[in-house]
Undergrad: 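Sharing a structure here in structure tokens format.
As the structure lists them, so they are numbered: ligands from 1, and atoms in each ligand from 1. Sequence positions, counted from 1, serve as the residue numbers for this chain.
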Amino acid sequence: MAKEMREPIETGCPDPFQYMHPVMRKNFGMWKYHEHPRPGVLRHVANSGDEIWTVRVGTQRILDVFSLRELCDIGDEFADGYIHFTIRSNLEYQLSDGSKVDALIKAVEDKGYVVGGTQNSVTMLSHTQGWLHCDIPGTDASGVVKSMMDELIDDFRTTEMPNRVHITTSCCQINCGGQGDIAINVQHTKPPKINHDLVANVCERPSVVARCPVAAIRPALVNGKPSLEVDEKKCICCGACFPPCPPMQINDAEHTKLAIWVGGNHSNARGKPTFQRLVAAGIPNNPPRWPEATAIVKRILKAYKEGARDWERINEWVERIGWPRFFEEVELPFTKYHIDNWRGARRSLNSSNYIRF
Ligand code: SF4
Ligand code: SF4
């Protein structure tokens, strides 16, 4: 062994304390209570008597340098120079002086941003990376988010929902995924089309075969060249073979659709985690404004707002009224595609190299 071993290089999240507002650092773990004076604003009071005000601002999620500088300048002027982003890309300013809150809100609204997203609101939609960072999207998740938030802006600004609503989007079927009260996810409806001329040059065939969750891919010789073939009866159109083998093209302008899922929720003090369920499939993936998907989301939100009891999350509301009534309330057809009668995985997942149970 070498006498002096190199120290491992630690990566990962930096220490968050260095970025915290000094009042938050000082009172860490010693907060007495908090209140919600108006939509988009929180006031936390510490045992020491210190207080911190948080103003939440919606952004367009993928921010250009100009907007970031503009938002940071506002933070420097009104918010002691501290900002942070929430997991849903809301920007939060923090101030120790409550008398500056109104001036801060005016400054961000004058620049065209919106304040809200707290308590019983529809907070910012979260989305996966999409075309900007990833090589396999079937839709532009950030475009879906922008179009929907433009329509839901009043529900972001106000707190008139029965409880908070988390909406997510996902631009492929297999990776980051979208799980929330309402999730808008990509749905491929046709098996991949294989460009046999490229497979031998680009793809590691055994990894691609092993990647398929239903063992639908086999090695094949096509025109004398090593390639792959797909058993289309088995293929569930998940798209998992496309990332390791781009010649297995599955994205398609017509056959790549959107699906809407409802009722996903983490466990909390009141209940177990719940999985989301498919409520609408085959919705056109229709840029630049995705009007069909947005119309369905708005119907679901309207029915939830009118029908749920105070503090019921969407999954709790649906559990109480039952799925048949949910489909009636949101005027969506219940079709054979909503019935999970697929049994292929019981046999085929056990034959994968990687998954055994
Ligand atoms: S959801 Fe899929 S396509 Fe979108 S960023 Fe994640 S891995 Fe990429
Ligand atoms: S990985 Fe998915 S899309 Fe590719 S062949 Fe298998 S089931 Fe079909």
Side-chain angles (χ1 to χ4, degrees), residues 61-62 87-89 125-148 166-180 182-196 198-199 202-220 222 227-261 264 276 281-282 285 287 290 293 337 340 342-355:
R61 171 38 157 108
I62 291 175
I87 200 166
R88 297 189 154 262
S89 308
L125 273 68
S126 67
H127 76 73
T128 46
Q129 303 309 318
W131 305 119
L132 202 61
H133 298 291
C134 187
D135 55 359
I136 58 169
T139 190
D140 171 23
S142 54
V144 176
V145 167
K146 173 75 173 77
S147 311
M148 286 194 182
H166 286 166
I167 305 181
T168 63
T169 61
S170 175
C171 38
C172 74
Q173 277 187 190
I174 51 161
N175 286 347
C176 314
Q179 165 83 343
I182 303 174
I184 300 101
N185 296 341
V186 156
Q187 176 194 27
H188 299 299
T189 57
K190 293 271 183 196
K193 286 186 201 136
I194 306 177
N195 183 337
H196 294 289
L198 290 179
V199 169
V202 178
C203 313
E204 212 178 84
R205 292 187 307 150
S207 334
V208 186
V209 170
R211 189 78 179 241
C212 180
V214 293
I217 308 175
R218 288 188 291 261
V222 180
S227 187
L228 297 162
E229 65 183 8
V230 170
D231 180 344
E232 296 198 355
K233 284 202 189 113
K234 278 186 176 176
C235 174
I236 53 170
C237 310
C238 66
C241 49
F242 176 53
C245 186
M248 297 188 72
Q249 181 60 249
I250 194 158
N251 287 335
D252 181 278
E254 190 189 339
H255 301 300
T256 293
K257 308 278 191 188
L258 297 183
I260 295 185
W261 302 68
Q276 56 191 8
N285 180 18
W290 291 271
Y337 300 110
D340 182 5
W342 187 69
R343 293 290 174 263
R346 287 192 182 160
R347 199 159 36 87
S348 53
L349 284 182
N350 278 320
S351 64
S352 148
N353 281 342
Y354 295 136
I355 305 171

Undergrad: Would you say atom 4 (Fe) of ligand 2 has C237 as a near neighbour, meaning an N/O/S atom of that residue under 2.8 Å away?
TA: no

Undergrad: Determine all donor-acceptor pairs shorter than 3.5 Å in which one atom belongs to a side chain in residues 242-249; sequence neighbours excluded.
TA:
from, atom 1, to, atom 2, distance (Å)
Q249, OE1, N251, N, 3.1

Undergrad: May I ask you to test the C203-C241 pair for a side-chain heavy-atom distance under 4.5 Å?
TA: no

Undergrad: Backbone N or O of G138 within a donor-acceptor pair of the N285 side chain at under 3.5 Å?
TA: yes

Undergrad: Quick one: closest heavy-atom pair of R205 and P219, and the distance?
TA: NH1-CB, 3.8 Å

Undergrad: Hey, does T256 have a side-chain heavy atom less than 4.5 Å from the side chain of T139?
TA: no

Undergrad: Backbone N or O of H255 within a donor-acceptor pair of the T189 side chain at under 3.5 Å?
TA: yes

Undergrad: Output the list of atoms in ligand 1 that are nearer than 4.0 Å to some heavy atom of G130, sorted by atom number.
TA: 5 (S)

Undergrad: Mark up the atoms of ligand 1 that fall under 4.0 Å of a heavy atom belonging to T128, in ascending order.
TA: 1 (S), 4 (Fe), 5 (S), 6 (Fe)

Undergrad: Going by the order shown, which atoms of ligand 1 are within less than 4.0 Å of some heavy atom of C134?
TA: 3 (S), 5 (S), 7 (S), 8 (Fe)

Undergrad: Please list, in number order, the atoms of ligand 2 under 4.0 Å from a heavy atom of G239.
TA: 2 (Fe), 3 (S)

Undergrad: Quick one: which ligand 1 atoms are inside 4.0 Å of a heavy atom on I136?
TA: 3 (S), 8 (Fe)

Undergrad: Identify, by atom number and element, the atoms of ligand 1 in contact range of P137, meaning under 4.0 Å from any of its heavy atoms.
TA: 3 (S)

Undergrad: Between T128 (side chain only) and G130 (backbone N and O only), is there a donor and an acceptor less than 3.5 Å apart?
TA: no

Undergrad: Where the closest heavy atom to atom 8 (Fe) of ligand 2 is concerned, which of C235, A215, P191 has it?
TA: C235

Undergrad: Of the protein's non-hydrogen atoms, which lies at the shortest distance from atom 7 (S) of ligand 2, and what is that distance?
TA: I236 N, 3.4 Å

Undergrad: Could you tell me which atoms of ligand 1, counted from 1 in the order shown, lie closer than 4.0 angstrom to a heavy atom of S170?
TA: 1 (S)

Undergrad: Between C238 and atom 2 (Fe) of ligand 2, is there a contact where an N/O/S atom of the residue lies under 2.8 Å from the metal?
TA: yes

Undergrad: Check ligand 2 against V214 and write out every atom of the ligand that is under 4.0 Å from a heavy-atom position of the residue.
TA: 7 (S)

Undergrad: Mark yes or no for whether Q173, through its side chain, and C237, through its backbone, hold a donor-acceptor pair below 3.5 Å.
TA: yes

Undergrad: Numbering the atoms of ligand 2 from 1, which are under 4.0 Å from a heavy atom of I217?
TA: 5 (S)

Undergrad: Just need the protein heavy atom nearest to atom 4 (Fe) of ligand 2, so name the residue and atom and give the distance.
TA: C241 SG, 2.3 Å

Undergrad: Evaluate the side chain to side chain contact (heavy atoms under 4.5 Å, CB included) criterion for residues H188 and I174: first the C-alpha distance (whole Å), next the side-chain angles of each, then the deciding distance (0.1 Å), finally the verdict.
TA: CA-CA 11 Å; H188 299 299; I174 51 161; over 6 Å; no

Undergrad: For atom 5 (S) of ligand 1, state which one of H127, Q129, Q173, H133 supplies the nearest heavy atom.
TA: Q129

Undergrad: Where do D252 and K193 land on the side chain to side chain contact (heavy atoms under 4.5 Å, CB included) test, with the steps shown first?
TA: CA-CA 10 Å; D252 181 278; K193 286 186 201 136; 3.5 Å; yes

Undergrad: Return the residue, atom name and 0.1 Å-rounded distance of the protein heavy atom closest to atom 6 (Fe) of ligand 2.
TA: C212 SG, 2.3 Å

